[in-house]
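Throughout, protein chains are lettered first and strands after them, A, B, ... in sequence-line order, and every chain is numbered starting at 1.
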Amino acid sequence: MSTIHVDVVSATESLYSGEANCVFAPGSTGELGIYPKHVALLSTLKPGEVRVETEKGVESIYVSGGIVEVQPDVVTIFSDTAIRAHDLDESKALEAKQRAEEAMANSDNGHDVGTTQAALAEAMAQLQMISKMRGKKL
Amino acid sequence: MAVGKEIRTQIASIKNTQKITSAMEMVAASKMKKAQNRMLASRPYSEKISKVIGHLAYAHSEFEHPYMKEAGDVKRVGIIIVSSDRGLCGGLNTNLFRSLLKQVTDYQAKGIEVDICTIGKKAISFFKNSGLNIKSVLMDLGDAPHFDDLLGTVKVMLDAYDAGEIQQLSVAYNRFQNTMTQVPTVMQLVPMVAGEVEDMDHHWDYIYEPDAEEALNALLVRYIEALVYQGLVENIACEQSSRMISMKSATDNAGDMVQDLELVYNKARQAAITQEISEIVSGASAV
């Protein structure tokens, strides 16, 4: 019996890689059953279970959404590690923008550690110089 | 004996610094191992997704996604700059920023404006006075950044691209070559540069579900995020190895300094003893 190569990967690790008889994945428009020589397909995934059926048994992997790419002899499943919701992404984007605005606003008054330290070092050097000169005069 | 008190204090303080740097070296060495593992663990994802993107470039899709076609005139570019949160890691950040600044001047000479997005504290403190427009900021990610952390930042830049504010988006980070070498790298994200793929010249296309636009959008956004994430974890591996090396050389240098100072101290001590003896002798002969 012919087999199909299956890779299940997430951004932080490879979850499964090997030959399989068939794969089941939770496609966004319905459950997908993929056998060898499947036509090329690109689909988004719903949260659910990916089942990989091999000679040795059934491997079950939970995905919280993602993408599946099918080529006749290779199936690649990209599992999301992040829970995606449009609103959530939006609020994160807003946060990132806000931080940028704060940083831009702060750039004028120069209250960051680096510049303050430099100013301090300068003042210290001046003080040292003054005390040295005084010591000579006295 | 009062001789060389300053030198002794100096030696003691250098030895203290040496203890700190050698501790930092060891910490960085152990963190580096973990960071490298994390970098290797995230590689399959970005490799696989690049492969799919490669296939996609050869699929004869009816729908052409905006990320895949060249934007005509480039007036404004976006750069995502990945840096570390902490310093004391040698010239890692500085090298990256310097090569970036050069590129930015090139852009500006051509009349192209630059928007930036910074990841890491060092980038924001370096670029906030540079006059470039900062679109988003991300920091305090720690040693094990999570994929989620990036989403907002990347989205800001992609939204800008979608809205036509920028016509090109790149990511700048340090590529991990090996423990000794880190290469400042600027990589273009969108519009995508077609990668090398095996020959597939027959006419074919994917079946898209739910439809071409949505499937491609989901895939391309993940692709870009994966590249930025890969850049981030590589940069962290670079940070740790660079810190390990710079702390090692700091420890060695401190050792050299202590040696030199001890030599000076001993000479001064000997000179003082000689002087004392000669004083006693001359005193005794005078009596």
Side-chain angles (χ1 to χ4, degrees), chain A residues 7-17 27-30 32 38-45 65-72 74 76-86 88-108 110 112-115, chain B residues 38 41-49 51-52 55-56 59 61 116-118 124-131 133-139 144 146-159 204-210 212 214-219 222-223 225-226 229-230 233:
Chain A
D7 288 302
V8 185
V9 289
S10 81
T12 46
E13 60 191 323
S14 169
L15 299 168
Y16 178 88
S17 178
S28 53
T29 49
L32 297 164
H38 194 286
V39 70
L41 170 96
L42 191 67
S43 171
T44 52
L45 295 178
I67 307 240
V68 58
E69 191 235 10
V70 182
Q71 291 283 340
V74 190
T76 317
I77 295 172
F78 301 100
S79 159
D80 284 346
T81 39
I83 298 161
R84 274 159 196 281
H86 189 70
L88 206 67
D89 284 8
E90 200 75 45
S91 72
K92 273 182 188 155
L94 273 176
E95 264 176 46
K97 265 188 187 163
Q98 230 159 33
R99 279 193 299 266
E101 276 155 19
E102 275 168 29
M104 296 276 267
N106 282 343
S107 66
D108 305 326
D112 78 317
V113 184
T115 32
Chain B
R38 218 170 288 123
S42 74
R43 246 180 206 167
Y45 188 87
S46 47
E47 269 169 18
K48 288 275 169 350
I49 208 160
K51 210 166 163 189
V52 173
H55 290 165
L56 204 59
S61 176
I116 55 170
C117 154
T118 64
I124 184 66
S125 65
F126 185 88
F127 282 102
K128 75 179 170 190
N129 292 321
S130 66
N133 183 21
I134 304 171
K135 285 201 96 78
S136 72
V137 170
L138 186 65
M139 49 193 179
H146 205 271
F147 202 73
D148 306 20
D149 299 333
L150 280 176
L151 299 185
T153 323
V154 176
K155 191 174 159 51
V156 172
M157 297 312 271
L158 287 181
D159 282 351
W204 65 283
D205 193 9
Y206 286 110
I207 301 172
Y208 297 98
E209 280 181 15
E214 200 162 318
L216 280 181
N217 207 14
L219 180 71
R222 276 172 186 74
Y223 173 65
E225 284 164 0
Y229 181 77
Q230 182 72 28
V233 288

Please look at [X] and chain A and tell me whether the side chain, the backbone, both or neither of the residue comes under 4.5 angstrom of a heavy atom of that chain.
X: B:Ile124; answer: side chain
X: B:Ala218; answer: both
X: B:Asn133; answer: both
X: B:Lys48; answer: both
X: B:Tyr229; answer: side chain

Ignoring hydrogens, what is the shortest heavy-atom contact between [X] and [Y]? Give both atom names and the distance.
X: B:Ser42; Y: B:Val233; answer: OG-CG2, 3.6 Å
X: B:Val154; Y: B:Glu225; answer: CG1-CG, 4.0 Å
X: A:Ser10; Y: B:Tyr45; answer: C-CD1, 3.3 Å
X: B:Lys128; Y: B:Ile134; answer: CA-CD1, 3.8 Å
X: A:Gly66; Y: A:Asp80; answer: N-OD2, 3.6 Å

Does any backbone or side-chain atom of [X] lie under 4.5 Å from a heavy atom of chain B? Answer side chain, backbone, both or neither.
X: A:Ser28; answer: side chain
X: A:Val68; answer: neither
X: A:Ser17; answer: neither

Quick one: which of [options] has the most heavy-atom pairs under 4.5 Å with chain A, could you say?
options: B:Val156, B:Thr118, B:Leu216; answer: B:Val156
options: B:Ala212, B:Ser136, B:Ala215, B:Ala226; answer: B:Ser136
options: B:Leu56, B:Ile49, B:Thr153, B:Asp149; answer: B:Ile49

Between CZ of A:Phe78 and CG of B:Leu219, what distance do you get to the nearest 0.5 Å? 6.5 Å
Is any side-chain heavy atom of A:Leu41 closer than 4.5 Å to one of A:Leu32? yes
pair A:Thr44-B:Pro210: side-chain heavy atoms closer than 4.5 Å: yes
